[in-house]
There are 2 protein chains.
Amino acid sequence: MISIPTIKRFPSYLRVLRHYRQLGYDWISATKIAEELGLTAVQVRKDMAGTGVEGKPKIGFEIDPLIAAIMHNLNWDTQTDAILVGAGNLGLALARYEGFASYGLRITAIFDSDESKCGKAVGDLLIMPINNISSYIQAHEVRIAVLTVPAAQAQQVAEQLVAYGIRAIWNFAPKDLKLSENVIVQRSDLATSFAVLSAKCRRMIDHGENSPVDLL
Amino acid sequence: MISIPTIKRFPSYLRVLRHYRQLGYDWISATKIAEELGLTAVQVRKDMAGTGVEGKPKIGFEIDPLIAAIMHNLNWDTQTDAILVGAGNLGLALARYEGFASYGLRITAIFDSDESKCGKAVGDLLIMPINNISSYIQAHEVRIAVLTVPAAQAQQVAEQLVAYGIRAIWNFAPKDLKLSENVIVQRSDLATSFAVLSAKCRRMIDHGENSPVDLL
DNA sequence: TAGATTGTTAATCGATTAACAATC
DNA sequence: TAGATTGTTAATCGATTAACAATC
C-alpha cells in the first residue's frame, strides 16, 4: 500500500510529468524529477515503484504510462461527484475553481443556509437551500461533501451530512470535526499551513536555517 | 526546537483551549484535549512540553498561559504584514477572510496584473497594478507574500517578489516553486489535500480501513 | 566499454507510543 | 490513602537516506 507521504508527492509528480510532456519529452529520469521538485532521486524512484511502472536504466521512465499510473492510484481517472456546503467567500471561490476537473472531482450542487443567497447562480449551478440537502444526497447518491461553512456550524452540519449518507468530508472550516470512525475527514486548514510558515520564518530569523519543502 | 508535526497541531490546540475557556474552564487536562482532537494524551503532553508551560498532576494545564505560550511560539502575538498577489477567485476570498487577524497576519495590499481589476475595492483595500509592487515592497518593507496567481505565472511572479525583497511566500498556486534556499515557501495545495482524501476513500473501499486525522 | 541510471537492501533518522516513576 | 494526572526515559514504528549491485 502506498504511504500518505508518497500520495502527497503524487500531484507534484503529475505537474512535472505533464510539463515535460508538453515540452515534447516522452521519457524522464527520476534524477530530473527530483531536481525539479527539490527531492532526492532515490525518493522519487521509491515513490515510482509504488505505482507499478518500471523505469529503464540509463533512460528513465516513460512519461505517459507514469501519468496514467499515478492518476489511477489517486482514483483521479474516474469522475467523482461532490456537493459543496457553505456559499461564503471560500465556498464560492472553490465552486468557481476549474482545476477540480483534473482531479476527477465535480461539484454538482451548492448549498447554503442563508435563504437570500439561494437561487443565485455560481457558474452553471444554483445555490440551493440547505433544507434540500437530504433529498439531494439521497437522490444523487453523493458520498463526498466539501465543507465551507463557518467554524461555529461545521460540527453540526457535518453530523447532518453524515446522517444523510455522506461518507467523506473535505473540511475547509477551521474546526476539528469529531465524527464516526468510518467517515473520512480531510482537512484543508489555513491556520495549520500558516502556522508552519510562521514557524519557518521564526527559525530563519533565529538560526538562519531553512528546511526543504514540507508538503503541506 | 519544536518539530513541524507539533507546530501543525498547535492551531487545533488553540481552538480547543479557546473553546473550553469560553465554556468557563480555567484548566484543562491533556487527556481532555487528546479526546477532543482524536490524539493520544502522551502526544499532547509532549507537545505542551515544547511550549514551556508546566501542568499540575491531577489537574492539568492552566488554559490562558497555554494559549499565550502557543501564540508566542507561532509568533502569532505580534502582527505581521503581508501582500497578496493575484486577485482571482481564491485571492479575493483570502483577502476578504477575516480570520487572518487571529494569526497575527494582516494583508496590507492586493496586486493583480489585470488592469481592469485595478482600482476595485476589496474590503478596505484597493487592487493595485502589479507594476507598483516593487516600490510598495520597498516602501513598506513587507517580507511575506500570499501568492494566488495562476500556476502558469507563479514561478515568474515569485522570482520577481524575491528580487524585490520578499523572503517568505505562502503559495496557493498549484505549482512547485524553485527559489533560492534562503526564501521560505509554504504550500497550501488543494491538489495535495484532495489526493490524500482520494487515497483514504480508496483505502476505505478496498480494505474498509480508516486512518486517524492527518494534519494536512 | 564507460557511465548514467534503475531498483533493492540495510542503515539512519525522527516521531509516536509504551512504560513507569513522581506528584498532588 | 487512592487515583488521576504529569513528565521522562526507553521501545517501537515508519519514512528517508545511503550503499551497492544490476542494467542498458
Run the side-chain donor-acceptor check on residues 89-105 of chain A: report pairs under 3.5 Å with partners two or more places apart or on a different chain.
| unit_1 | atom_1 | unit_2 | atom_2 | d |
| --- | --- | --- | --- | --- |
| A/Ser102 | OG | A/Gly99 | O | 2.8 |

Rounded to whole angstroms, how far apart are CZ on A/Phe61 and P on C/dA4? 18 Å
Inter-axis angle, terminal five-pair segments of the helix from C/dG3-D/dC24 to C/dC24-D/dG3 [nearest 10°]: 0°
From CG (A/Leu66) to CD1 (A/Ile70), nearest 0.5 Å: 4.5 Å
So A/Ala30, base contact, sugar-phosphate only, or nothing? Heavy-atom distance under 4.0 Å. sugar-phosphate
Assign the ring pair A/Phe194 / B/Trp76 to parallel, tilted or perpendicular, where the plane angle (0 to 90°) is split at 30° and 60°. parallel
Point-to-point distance, once rounded to the nearest 0.5 Å, from OG1 of B/Thr6 to CG of B/Asn73: 10.5 Å
So, B/Asp189 and A/Arg15, do they make that salt bridge, N to O below 4.0 Å? yes
Please list, in numerical order, the residues of residues 63-76 of chain B that have a heavy atom closer than 4.0 Å to any atom of DNA chain D. none
Ring centroid separation A/Trp27 to A/Phe61 under 6.0 Å: no
For the pair made of CD1 in A/Ile33 and C1' in C/dT5, what is the distance, rounded to whole Å? 13 Å
Rounded distance (nearest 0.5 Å) linking atom CZ of A/Arg45 with atom CD1 of A/Ile33: 10.5 Å
Using atom types as modelled and distance alone, determine if a side-chain donor or acceptor of B/Asp112 lies under 3.5 Å from a backbone N or O of B/Ala87. yes
Which atom pairs, donor and acceptor, lie under 3.5 Å between side-chain atoms of residues 141-155 of chain A and protein residues at least two apart or in another chain?
| unit_1 | atom_1 | unit_2 | atom_2 | d |
| --- | --- | --- | --- | --- |
| A/Arg143 | NH1 | A/Gly165 | O | 3.3 |
| A/Thr148 | OG1 | A/Val85 | O | 3.0 |
| A/Thr148 | OG1 | A/Gly86 | O | 2.6 |
| A/Gln155 | OE1 | A/Lys178 | N | 3.0 |
| A/Gln155 | NE2 | A/Glu159 | OE2 | 2.6 |
| A/Gln155 | NE2 | A/Lys178 | O | 2.9 |

Any residue of residues 49-58 of chain A with a heavy atom less than 4.0 Å from an atom of DNA chain D: A/Pro57, A/Lys58
Between atom CG of B/Asp176 and atom OH of A/Tyr13, what is the distance when rounded to the nearest 0.5 Å? 10.5 Å
Check: B/Arg187 main-chain N/O paired with B/Asn171 side-chain donor or acceptor under 3.5 Å: no
Integer-rounded Å distance: D/dA4 C1' and B/Ile59 CD1: 11 Å
Would you compute the distance between atom CZ of B/Arg21 and atom CD1 of B/Ile67 and round it to the nearest 0.5 angstrom? 7.0 Å
Calculate, to the nearest 0.5 Å, the distance between atoms CG and CD belonging to A/Leu177 and A/Gln186 respectively. 11.5 Å
Contact pattern, 5' to 3', of nucleotides 11-20 of chain C - B, S or - by protein heavy atom under 4.0 Å: ----SSBB--
